[in-house]
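Remember, it's 1-based here, ligands and their atoms both numbered in the order they're listed. Nothing here was measured: the structure is a model prediction, and the numbers come from that model. The first residue in the sequence is number 1, and the count goes up from there.
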Amino acid sequence: MSATAELIIEGKSYQLPVVEGTENEKAIDINALREQTGYITIDSGYKNTGATKSAVTFLDGELGILRYRGYSIEDLAEKATFLEVAYLLIYGELPTAEQYAAWENSIRTHTLVNEDMRRIFDGFPVNAHPMGVISSLVSAMSGFYPDSYNEKAPDRTEMHIIRLLAKLPTLATWSYKKSQGHPINYPKNDLDYSSNFLQMMFALPVANYHVDPVVANALNTLLILHADHEQNCSTSTVRLVGSSRANIYSSISAGISALWGPLHGGANQEVIEMLEDIKADGGDVSKYIEMAKNAKTTGFRLFGFGHRVYKNFDPRAKIIKKAADEVLAKLGVNDPILAIAKGLEEAALNDEYFVSRKLYPNVDFYSGIIYRALGIPTNMFTVMFAIGRLPGWIAQWKEMRAGKEPIGRPRQIYTGATSRDFVSIADR
Ligand code: ACO
């Protein structure tokens, strides 16, 4: 017999079904709760709320496990390419050699962006943050592919998916080029995904540009580590926006906006700025540890520390820390910020405040150090995260639509004024 949970309200007992996942996670199904009892549940920040059933990504925050479609993040980061992982997330299985060749080729040949998008881009000021820019440009793509929002047109979702994956790196490099006063580079479709991005970022018309394989490999690993993370803030945003049947471009654009926040993907930029501040302040990490411990009065948080679900360690942070050491050594980069980061981590891991609150380095703590070593400017870090997370957003959006999930529409407990009579302006 399947398990049920008993809820007693005002002396009356209700039986609620229990839902169990393939990794034995359990949930109490409250779908009929309001109808049966008149009550709703309150769970600010959704700490205990499962918004959906999903077969894309599994994570266990206590054990520090992360798997995409059943494959461990450690294996994928070491053995796969980013586009292989993208295929896995979106279609559920690793591609065969033939499927991979077709998939990679489609993405490779759709990197060019409509020239009219450039006119939209040209309207942005030179110092506009690239996250705001790519969110706007991805949203604007719906205008160039109107079948994305015409529900009567034949379904072209697969084409939109290819376009998003192919064009986001192109769009992402525009802001950087503009900030440098350099001409933008067109994609070169004989290059692989990571190399093409690097070429668009760093090549100049006056010299030949050779992609360093160490840099391209490191980028490939970072993109894989960021590719999905189940129902996080930006992914939930993508699913919620998509649940209104908004098109895939608007839904992904909303996800990019959610990712930008400093408590989410924006933390990678904040980490480097924080480490820079500590360096400029003489490198005394203990002062910043004390400030973070008094977060309530100082308002200062140790960026790159803590996670809503990982309460042991973030498996991605482990891989990135090792990769940071390797990449910096291979590139011959000696970044004093790395020593500060390690000092900060060691001090925090031995401090009762952080230990008792289970605050460990998250994926963003070391990613910025690698990005810096690769030559990526700080304000582009969150954009790199967005390029990495794109396949996850797409996979989750597709799953939500295929599952015909109802429109997302939370309820509330109203705490405002009760009914009162209108007073005309002359009498107020
Ligand atoms: N520095 C100092 N104290 C912290 C930190 C931090 N980075 N993170 C949490 N705390 C403290 C809180 O003040 C709180 O203390 P209290 O119990 O005395 O009130 C306690 O730890 C629990 O914190 P919450 O904010 O309730 O935890 P929550 O799960 O809501 O937040 C979050 C998780 C947002 C990631 C938080 O740890 C944080 O702000 N970290 C810094 C920003 C960051 O690195 N974000 C990236 C997350 S990973 C990602 O999105 C890719």
Side-chain angles (χ1 to χ4, degrees), residues 42-49 57 59-62 64 66 68 73 77 131 222-238 255-275 277-278 285-321 341 344-371 378 381-393 396:
I42 279 271
D43 182 20
S44 68
Y46 309 119
K47 291 186 182 183
N48 303 286
T49 297
T57 288
L59 73 81
D60 183 323
E62 276 70 36
L66 173 60
Y68 301 158
I73 191 66
M131 282 300 277
L222 285 165
L223 295 179
I224 291 174
L225 293 178
H226 285 97
D228 195 46
H229 212 235
E230 53 119 297
Q231 308 310 315
N232 57 84
C233 177
S234 55
T235 303
S236 301
T237 302
V238 170
I256 295 172
S257 299
L259 186 73
W260 189 5
L263 297 189
H264 191 13
N268 57 12
Q269 174 171 345
E270 301 283 343
V271 170
I272 289 292
E273 286 169 1
M274 173 185 79
L275 295 173
D277 286 348
I278 299 176
V285 294
S286 60
K287 177 176 164 190
Y288 287 80
I289 292 279
E290 285 312 308
M291 270 162 64
K293 285 162 71 173
N294 293 305
K296 286 199 179 63
T297 44
T298 59
F300 173 79
R301 281 194 167 200
L302 215 52
F303 281 98
F305 260 75
H307 197 277
R308 171 57 64 76
V309 288
Y310 291 122
K311 300 299 176 192
N312 181 340
F313 65 91
D314 180 338
R316 302 165 300 172
K318 262 194 170 175
I319 301 171
I320 290 194
K321 184 179 177 184
L344 201 57
E345 177 182 357
E346 202 190 327
L349 295 184
N350 287 307
D351 192 295
E352 204 277 327
Y353 173 94
F354 293 91
V355 174
S356 65
R357 287 170 181 76
K358 300 184 167 44
L359 300 171
Y360 295 89
N362 60 47
V363 65
D364 286 329
F365 194 64
Y366 285 103
S367 66
I369 292 172
I370 307 189
Y371 286 136
T378 314
F381 289 178
T382 318
V383 172
M384 304 309 297
F385 193 154
I387 296 174
R389 183 54 55 87
L390 180 60
W393 288 330
Q396 302 266 353

Side chains of N232 and T235, donor plus acceptor under 3.5 Å = yes
With a cut-off of under 6.0 Å to the ring centre and 45° to the axis, is K321 in cation-pi contact with F365?
-> no
Between the side chains of Q231 and Y46, is a donor N or O closer than 3.5 angstrom to an acceptor N or O?
-> no
Validate the cation-pi geometry between R301 and F305: distance from NZ or CZ to the six-membered ring centre under 6.0 Å, angle to the ring axis within 45°.
-> no
Are the charged groups of E290 and K293 less than 4.0 angstrom apart, N to O?
-> yes
Over all heavy atoms of both residues, which pair between I320 and L222 is shortest? Give the atoms and the distance, please.
-> CD1-CD2, 3.7 Å
For ligand 1, find each of its N or O atoms that sits under 3.5 Å from a protein N or O atom, and tabulate the pairs with distances to one decimal place.
| residue | atom | partner | partner atom | Å |
| --- | --- | --- | --- | --- |
| ligand 1 | 1 (N) | L302 | N | 3.0 |
| ligand 1 | 3 (N) | Y353 | OH | 2.9 |
| ligand 1 | 7 (N) | L302 | O | 2.7 |
| ligand 1 | 7 (N) | F305 | O | 3.0 |
| ligand 1 | 13 (O) | R301 | NH2 | 3.4 |
| ligand 1 | 15 (O) | R357 | NE | 3.2 |
| ligand 1 | 18 (O) | K296 | NZ | 3.0 |
| ligand 1 | 18 (O) | R357 | NE | 3.1 |
| ligand 1 | 18 (O) | R357 | NH2 | 3.0 |
| ligand 1 | 19 (O) | K296 | NZ | 2.7 |
| ligand 1 | 25 (O) | R301 | NH1 | 3.1 |
| ligand 1 | 25 (O) | R301 | NH2 | 3.0 |
| ligand 1 | 29 (O) | R308 | NE | 2.9 |
| ligand 1 | 30 (O) | R308 | NH2 | 3.0 |
| ligand 1 | 39 (O) | R301 | NH1 | 2.6 |
| ligand 1 | 40 (N) | F305 | O | 2.9 |
| ligand 1 | 44 (O) | G304 | N | 2.8 |
| ligand 1 | 44 (O) | N362 | ND2 | 3.0 |
| ligand 1 | 45 (N) | L263 | O | 3.1 |
| ligand 1 | 50 (O) | H264 | ND1 | 2.9 |

